[in-house]
*Asks:* 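Got a structure for you, written out below as structure tokens; questions coming shortly.
The chains referred to below are lettered A, B, ... by the order of the sequence lines, with proteins before strands, and numbering in each begins at 1.
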Number of protein chains: 2
Amino acid sequence: MSASAYADLSNRLAEIADLTRAAELLFWDERTKMPGGGAGPRSEQLATLAGFIHERMVADDLGKLLESLEPWGAEQPYDSDEASTIRLALRRWRKARRVPTALAAEIAGAESVAENVWVEARAQSDFPALLPHLRTLIDLKRRLIGCFEDFEHPYDVLLDDFEPGMTVDQVRPVLEELRDGLADLLERVSGSSVEPDDSCLHGKFDLDRQRALGHAICELMPLRDSGWRLDETAHPFASAMAPSDVRLTTRYEPNFIGTAIWSIVHEAGHGIYESGMPDALRRNPIGNPPSLGLHESQSRLWENWVGRGRPFLHRLAPLLAEHFPDAFGDVDGEGLYRAANAVKRSLIRTEADEVTYNLHVVIRFELELEIFEDRLALEDLPAAWNDRYATYLGLDVPDDAHGVLQDVHWSSGSFGYFPTYALGNVVAAQLWNRARAELPSLDGQLEAGELEPLRSWLDDRLYSLAGRFEPMETIERATGESLDVKPLLAHLEHKYGELYELG
Amino acid sequence: MSASAYADLSNRLAEIADLTRAAELLFWDERTKMPGGGAGPRSEQLATLAGFIHERMVADDLGKLLESLEPWGAEQPYDSDEASTIRLALRRWRKARRVPTALAAEIAGAESVAENVWVEARAQSDFPALLPHLRTLIDLKRRLIGCFEDFEHPYDVLLDDFEPGMTVDQVRPVLEELRDGLADLLERVSGSSVEPDDSCLHGKFDLDRQRALGHAICELMPLRDSGWRLDETAHPFASAMAPSDVRLTTRYEPNFIGTAIWSIVHEAGHGIYESGMPDALRRNPIGNPPSLGLHESQSRLWENWVGRGRPFLHRLAPLLAEHFPDAFGDVDGEGLYRAANAVKRSLIRTEADEVTYNLHVVIRFELELEIFEDRLALEDLPAAWNDRYATYLGLDVPDDAHGVLQDVHWSSGSFGYFPTYALGNVVAAQLWNRARAELPSLDGQLEAGELEPLRSWLDDRLYSLAGRFEPMETIERATGESLDVKPLLAHLEHKYGELYELG
């Protein structure tokens, strides 16, 4: 009886998964292939798919089925697919049911409008144009929060969309410790007389050669054979139609080769994680990484710990010289390592280096908390933003386009999203520590371009957990410890202490 | 009351249209972009989308809504969007409801299995391997036919899937007249001492240059700006995510340039028709061409009447010389016209010229009729095929791979599909006759590469009708006459009479 009910559940969840993947393909196509004329119809198609997915996810009979299966699921081994599936699906059903469909639709509509307004507002550096839309969005988010009970902090409800089960109480101290450690490190780096030379990354780089290099880098990455492709887009992202069908995207800049190199390694990191999801779970909600933060832990681990690490850059230097002999003919692995890790205080998050990146994130997280704690009026947001950039990064923000308007997240309603970037870095450092301890030949392998042993280790520790557990439990199982910012600070201290001769 | 019920209907139909377009994108991606590893998951995703579409199309409440709107629709002007939408949606709902879901699923499953068996059977030229699957499919089709009443001929039920409302009584005499006329013309062409030289189309053609040529040809075609793209695939097709988002595909052969040229013009013809559908109807079932035959009338009109016609080839000759100076430097418009129109008796339908093509189609149609009239046992199908190729085309079929196994259609269950190819040619000739009469400057425009006046005329006569009427009525409205094979025969007689100096 329960077996057949569970089969019924699996079929319903498989349908939702298939629709979700279909929507993912429409999104990928929109950003990589679609002729401009397709934009309007594509929005309609995506909205319809989202409607079907929502309808199925909140369906009465799905809830009845899940509740009838709950006692049976509780008798199964906690980490079994069956118990994990019922747990996750029930959690999502209950959460989705708390939000009236009309409110969800109102939020989706307001986000879509605000995002369009943002494009123009950023172009014009016109925060007042966006302000009323931000007000609407935040009022709607407060109404959304009002649909829930049993939370310690209103922001917990927002954070839960991206890091299920995580709370401000858990995240705030981590980010505060990170902020203080980074402020201190940045201060010392800035006082150093060492200035790494990154001039080899700047110049004229033929786009077709960049494309060839991009594909060569992907070939180095431990992706599945016949299981990926690489395309071009304005804002790089990765997505997956299946573990065996991973789509990476990148951007090629004519005057800077760094975007192509490290954005590809970053997106490949996302793709490697997706390709590590068990094939048998591809139509099951537990067949996905459990959160954005964990996803980011993989993009960052591959981008920064591997991709900006000394051993792999020793492997990469001759590849760059092969594709761009003029720029890299005289740059050895050590020179590339220095160029790849120059620290620069900059205004734009997405262009930030490893040391300053998390300060950008902390600023956004702190401002979000102040907004939802009613300590910051929205009209004061640009001033608060600029204050923090002066305090944490020592920078004057010249205009809102380079300040509070730079990210799409808030205008697209993604409050609670930013901390996932920092959490990803924190978790990447914890995983890396454990990998180094358990893979004594790691550096030699990376220098030889052998990335499969690391991938395989990550598969054992993290990927094979898939989405069976909530993010915090996943972190604990994969790293063997609880969320801890010290490994990240120690990594940065060690790496940049040496580079900048901080003594 | 009826206005709000009609709005409700429009929303339901829009959802079905969006899902259908989404499935279309998954199909396009599968054939142009998808990494090989995505094949299994993609089948699941397409099956799920098909399931949702079917579920919505046969829904009880859709039927109730349609029946409640039927009297109101009948009071609206016959050619109004409202009346046409209700008429078409009701016809489809009633038809879909006649087929039990279990039978539809069984047919879909058997088609999928047989199509896979066919790939291997064709490779091995092994008809007996496919035979039991063909038996199963035809048994299932007979059960499908059994779900309907009120037909004159069992084949009418199958034909209706591709040409709604058309019957064997209408199609058979047309194809018989076509067959007899073509047999006579082919006999005389074969007796001619003229042999057009098509050697310029054969040789070595660099693939990147072919790609550049392919895009240049597309740029000549009257497609919407920012409303199309061209990709590569194994079996060229065209599809549309919207009238403003048309996807063409082609294949580039290293030793023959003809495929690239005329398959692109052919698929562009399909795309021009799709791009001519009214934007306002893009989420409405009447916002699509009414049938495969009409769709083929456009691909053929652009491929053969324009693309293999003298004026356009005079325009094309310098473009070919520009891209391939070695092969086409000495070929003028007249030489290209002769090369493009060489008649050759060949075994493979998809490689056939304008004169022999329809004979291939007639053979298939006649065999299909014999099967469903219980006059041909399936094990005798190869012999019957080979007999007809000897009689109609004077060819010995060396093996089933080059004979009865060459097309995917039967193994994918598409009985009733083949006649649409011939109908397309018949209708194209009728449209062309009218266009020439109404566009006195047509030849000069085509020779100047001005294709917009013809497109605009087709838009007035055909595209703007969209899918409001059944195919036969659409043909009558667009051509001003009923379905008539004489214009096609006259066109071929005139063109090939001159080329082959038949006197």
*Asks:* Below 4.5 Å, heavy-atom pairs only: which of A/D231, A/V246, A/D245, A/D279 has the largest tally toward chain B?
*Replies:* A/D245

*Asks:* Give the table of side-chain donor-acceptor pairs shorter than 3.5 Å for residues 212-219 of chain A, with sequence neighbours excluded, one pair per line with atom names and distance.
*Replies:*
none

*Asks:* Going by residue number, which parts of residues 33-55 of chain A are within reach of chain B, meaning a heavy-atom gap below 4.5 Å?
*Replies:* A/K33, A/M34, A/P35, A/G36, A/G37, A/G38, A/G40, A/P41, A/R42, A/E44, A/Q45, A/T48, A/L49, A/F52, A/E55

*Asks:* Starting at CG of A/L26, measure out to CZ of B/R21 and round the result to the nearest 0.5 Å.
*Replies:* 12.0 Å

*Asks:* If we define contacts as heavy-atom pairs under 4.5 Å, which of B/R224, B/R56, B/E15 has the most with chain A?
*Replies:* B/R56

*Asks:* Can you tell me which portion of A/R282 sits under 4.5 Å from chain B's heavy atoms? Options are side chain, backbone, both or neither.
*Replies:* side chain

*Asks:* Measuring from atom CG of A/L25 to atom CG of B/L25, what distance do you get when rounded to the nearest 0.5 angstrom?
*Replies:* 5.0 Å

*Asks:* Can you confirm whether more than 12 heavy atoms, excluding those of A/D208, are under 6.0 Å from its CG atom?
*Replies:* yes

*Asks:* Would you call A/R247-B/D29 a salt bridge at under 4.0 Å N-O?
*Replies:* yes

